[in-house]
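In what follows, a structure is listed as structure tokens, so that the remarks can point back to it.
Residue numbers count from 1 along this sequence.
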Amino acid sequence: MAPTRFVLFCSTAAVLLMCLGAGYCNDAPSCPVVVSELMPCLSYLKDGKKDPSAACCAGVKSMAGQAKTKPDRQAICECIKKALADVKYDPGLIPTLSKKCSVSISLPPIDQKTDCSKAMNQGMLA
């Protein structure tokens, strides 16, 4: 029994090391998480008449905490693009979230034409 566990442990460790070494294991924020955190912002992004809700601001703060690297920021941008693809909203309201939510991040306007590799090239922390 012990040799089997050792082989399983070594196999798992080898796969993990290969994954990390090749860059396949990415801790970039997942789209479902990004979307669920920013979903409360949808009403604000649609009309901008009211301030973002507390739940929206909590999501923006959480997202800012996840945007540590360029790949993280690009993944967040791509998720936002996909999530809002069929929604009528004002992309110009996205940059206002940081000020309205008192979060030190810089968000560009994101729409379907946004090149996330360029738009999120700079750090999100303001």
Side-chain angles (χ1 to χ4, degrees):
M1 203 49 95
T4 304
R5 286 184 185 166
F6 179 73
V7 170
L8 180 61
F9 172 78
C10 289
S11 298
T12 304
V15 169
L16 182 60
L17 288 173
M18 287 187 328
C19 176
L20 291 171
Y24 297 123
C25 295
N26 191 348
D27 288 338
S30 71
C31 278
V33 171
V34 171
V35 170
S36 69
E37 289 178 344
L38 297 181
M39 189 60 68
C41 300
L42 195 54
S43 61
Y44 172 73
L45 294 176
K46 283 183 172 182
D47 64 31
K49 293 178 184 172
K50 298 179 183 177
D51 284 339
S53 67
C56 169
C57 289
V60 171
K61 288 176 186 175
S62 175
M63 181 192 61
Q66 296 175 44
K68 296 177 182 141
T69 66
K70 181 179 176 182
D72 293 344
R73 295 186 292 274
Q74 289 176 349
I76 289 169
C77 178
E78 291 294 341
C79 290
I80 293 171
K81 272 178 59 172
K82 288 176 188 171
L84 296 176
D86 297 322
V87 176
K88 187 176 179 179
Y89 69 102
D90 181 354
L93 292 173
I94 292 175
T96 67
L97 286 170
S98 59
K99 183 175 182 180
K100 296 222 176 226
C101 292
S102 301
V103 179
S104 296
I105 60 172
S106 175
L107 295 168
I110 299 172
D111 63 17
Q112 295 309 301
K113 297 175 188 172
T114 302
D115 180 348
C116 292
S117 68
K118 294 179 181 174
M120 305 303 275
N121 194 21
Q122 301 159 348
M124 287 178 67
L125 298 178

task = Please lay out, stage by stage, how L97 and M63 fare under the test side chain to side chain contact (heavy atoms under 4.5 Å, CB included).
result = CA-CA 12 Å; L97 286 170; M63 181 192 61; over 6 Å; no
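- Smallest separation of non-hydrogen atoms from V33 and S36: O-OG, 3.0 Å.
- Counting non-hydrogen atoms of other residues, nucleotides and ligands closer than 6.0 Å to NZ of K81 gives a total above 12.
- Pairing each heavy atom of G48 with each of L93, the nearest pair is CA-CD1, 3.6 Å.
- At distances below 3.5 Å, not a single donor-acceptor pair connects side-chain atoms of S98 with backbone N or O atoms of S106.
- Between C56 and C101, a gap of 2.5 Å or greater is found separating the two SG atoms.
- Note on I80: it clusters hydrophobically with M39, by side-chain heavy-atom contacts below 4.5 Å among ILVMFWY residues.
- Under a cut-off of 6.0 angstrom, the local environment of CG in D115 is crowded, with over 12 non-hydrogen atoms contributed by other residues, nucleotides or ligands.
- Taking every heavy atom of both residues into account, K68 and R73 meet most closely at O-NH1, 3.6 Å.
- Here the straight-line distance linking atom SG of C77 with atom NZ of K82 works out to 10.5 Å at 0.5 Å rounding.
- To the nearest 0.5 Å, the span separating CG on L84 from CG on L45 amounts to 6.5 Å.
- Not a single donor-acceptor pair under 3.5 Å links the side chain of E37 to the backbone N or O of A58.
- Closest of all the heavy-atom pairs between C116 and Q74 is O-CG, 3.5 Å.
- One distance of note links CD of Q112 with CG of D86; it measures 8.0 Å at 0.5 Å rounding.
- I76 and L42 fall within a single hydrophobic cluster, where Ile, Leu, Val, Met, Phe, Trp and Tyr are joined by side-chain heavy atoms under 4.5 Å apart, directly or via other members.
- With D72 contributing its side chain and A75 its backbone, the two residues share no donor-acceptor pair below 3.5 Å.
- When all heavy atoms of A83 and V35 are compared, the closest pair comes out as CB-CG2, 3.6 Å.
- In terms of heavy atoms, I94 sits closest to Y89 at CD1-CE1, 4.0 Å.
- The CD atom of E78 sits 9.0 Å away from the CD1 atom of I110 when rounded to the nearest 0.5 Å.
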